Amino acid sequence: MPTASFAQLPNAQPTADTIRKDILANPGFGRYFSDHMAHIRWTLDAGWHGHEVRPYGPLTLDPAAAVLHYGQEIFEGIKAYRHADGSVWTFRPEKNAERFRRSARRLALPELSDEDFIGSLKALLAHDQGWVPTPANEADECSLYLRPFMIASETFLGVRPSHEVDYYVIASPAAAYFKGGVEPVSIWLSANYKRAAAGGTGFAKCGGNYAASLAAQKEAEAHGCGQVAFLDAAENKWIEELGGMNLFFVFKDGRIVTPKLTGTILEGVTRDSVLTLASDAGLQPEERHISIDEWREGAASGEITEVFACGTAAVITPVGELVGEDERIRCQPSDNPVAKQIRRTLLDLQYGRAEDTHGWLTRLV
Ligand code: COI
């Protein structure tokens with residue numbers, strides 16, 4: 001399919017260079033946004049059309065727009081990395097595009113082609129490449145976080161799939177997702193809430209899943225934890241994922257286990273990449289059910305040596321402890337060598353410091 005061209009509507013008042021440089025020196029996560037956004041419109045009659053890059057700014061939505069009432073919305077998270085020669089790359093965008101289509105089908109939204117998905121990232125970066133930070137050293141994980149999203153914009157309060165939809169990509173310079181960087185995080189084990197059930201939307205990247213995790217996230221924060229871990233809804237036994245990240249368990253015999261995809265877990269691109277990189281490193285990856293009892297017992301006996309969280313935003317972050325109402329589950333003290341090694345391998349690939357043997361990088365600029 002030919003790549004549609006994006007109309008160019010440059011921002012007449014872009015952020016001053018000095019302000020942009022200050023932002024890039026300390027961007028945090030999700031606080032600042034670049035000067036432009038990409039947009040494509042969809043209507044039932046015309047399909048996808050109106051490709052454009054326009055100044056970043058507030059959207060005009062009718063108060064009766066369907067997304068505001070029924071949450072018909074999906075999104076993605078993907079990053080742009082600056083390499084040492086100044087070029088800008090992204091990581092496995094066709095995986096995000098594919099997941100975006102799976103999410104779209106589940107939320108009864110129209111599917112966007114790879115060409116439009118990847119084309120929109122390229123079109124935006126052609127304007128906003130100056131917003132991609134340059135890493136200060138090899139431990140620095142700064143990037144431009146790209147957030148494609150699709151909303152039901154029809155003005156209509158009847159409950160049915162929207163006949164009008166808008167797709168946007170916005171961009172936000174990002175440092176580490178957790179304030180402590182790669183310091184181990186504490187995770188709260190949610191006893192009161194479930195994230196997803198069979199047949200629901202757990203595998204889709206839709207705002208509703210994240211909204212439904214927030215009451216549990218509040219509990220986590222009240223207990224000094226940075227994220228919440230969910231168990232399955234049917235048996236309250238199997239580990240699923242965190243509010244916004246997948247989990248891995250490292251065993252002392254070289255196995256590395258992540259909960260298998262059952263339809264209730266988000267199919268993380270980082271999760272999938274870790275499975276491959278772990279195998280490259282001589283570990284034995286397993287996708288299977290893992291119970292909270294296995295976590296408890298494995299951590300106590302020393303069978304499980306490390307637990308880590310992974311995601312586009314979080315990269316790879318060691319889990320220091322799992323905190324429940326009456327317990328704390330901790331692995332025996334370690335420097336998390338496996339998490340650190342896989343994290344380094346992943347970052348080296350993403351920043352072009354290692355050979356891209358899997359063909360995972362796509363050049364944006
Ligand atoms: C991502 O990792 O890109 C996500 O969408 C998760 C969110 C916690 C930022």
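Atoms within a ligand are numbered from 1 in the order they appear, just like the ligands themselves. Model, not experiment: these values are computed from the prediction. When reading the values below, keep in mind they use all heavy atoms of this one structure, side chains included, and skip hydrogens, waters and symmetry mates.
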### Query
Is the closest heavy atom of Lys205 to ligand 1 under 4.0 Å?
yes

### Task
Fit a plane to each ring of Phe249 and Trp295, take the angle between them on a 0 to 90° scale, and name the class: parallel (under 30°), tilted (30 to 60°) or perpendicular (over 60°).
perpendicular

#### Entry: Protein contact of atom 2 (O) of ligand 1 - nearest heavy atom, named by residue and atom, plus distance
Ala313 N, 2.8 Å

### Query
Which atoms of ligand 1 sit under 4.0 Å from any heavy atom of Gly77?
3 (O)

### Query
What protein heavy atom is closest to atom 3 (O) of ligand 1, reported as residue, atom name and distance in Å?
Tyr145 OH, 2.6 Å

### Task
Give me the ring orientation class for Tyr351 and Tyr81: parallel if the planes are under 30° apart, tilted from 30 to 60°, perpendicular past 60°.
perpendicular

### Task
Do me a favour and list the nearest non-hydrogen protein atom to atom 6 (C) of ligand 1 with residue, atom name and distance?
Gly244 O, 3.5 Å

### Task
Would you give the length of the straight line joining atom OG1 of Thr270 to atom CG of Leu275, rounded to the nearest 0.5 angstrom?
11.0 Å

### Message
Show the atoms of ligand 1 that are less than 4.0 angstrom away from any heavy atom in Phe75.
### Response
5 (O)

### Query
Parallel, tilted or perpendicular: which fits the ring planes of Phe91 and Trp360, with parallel below 30° and perpendicular above 60°?
perpendicular

### Message
Just by distance, no angles: are the side chains of Asp293 and Ser291 close enough, under 3.5 Å, to form a donor-acceptor pair?
### Response
no

## Note on the structure
Going by the 4.0 angstrom heavy-atom rule, the piece of Gln217 near ligand 1 is neither

### Query
For atom 8 (C) of ligand 1, what's the nearest protein heavy atom and its distance?
Tyr177 OH, 3.5 Å

### Query
What class does the angle between the rings of Trp188 and His223 fall in, given that below 30° is parallel, 30 to 60° is tilted and above 60° is perpendicular?
parallel

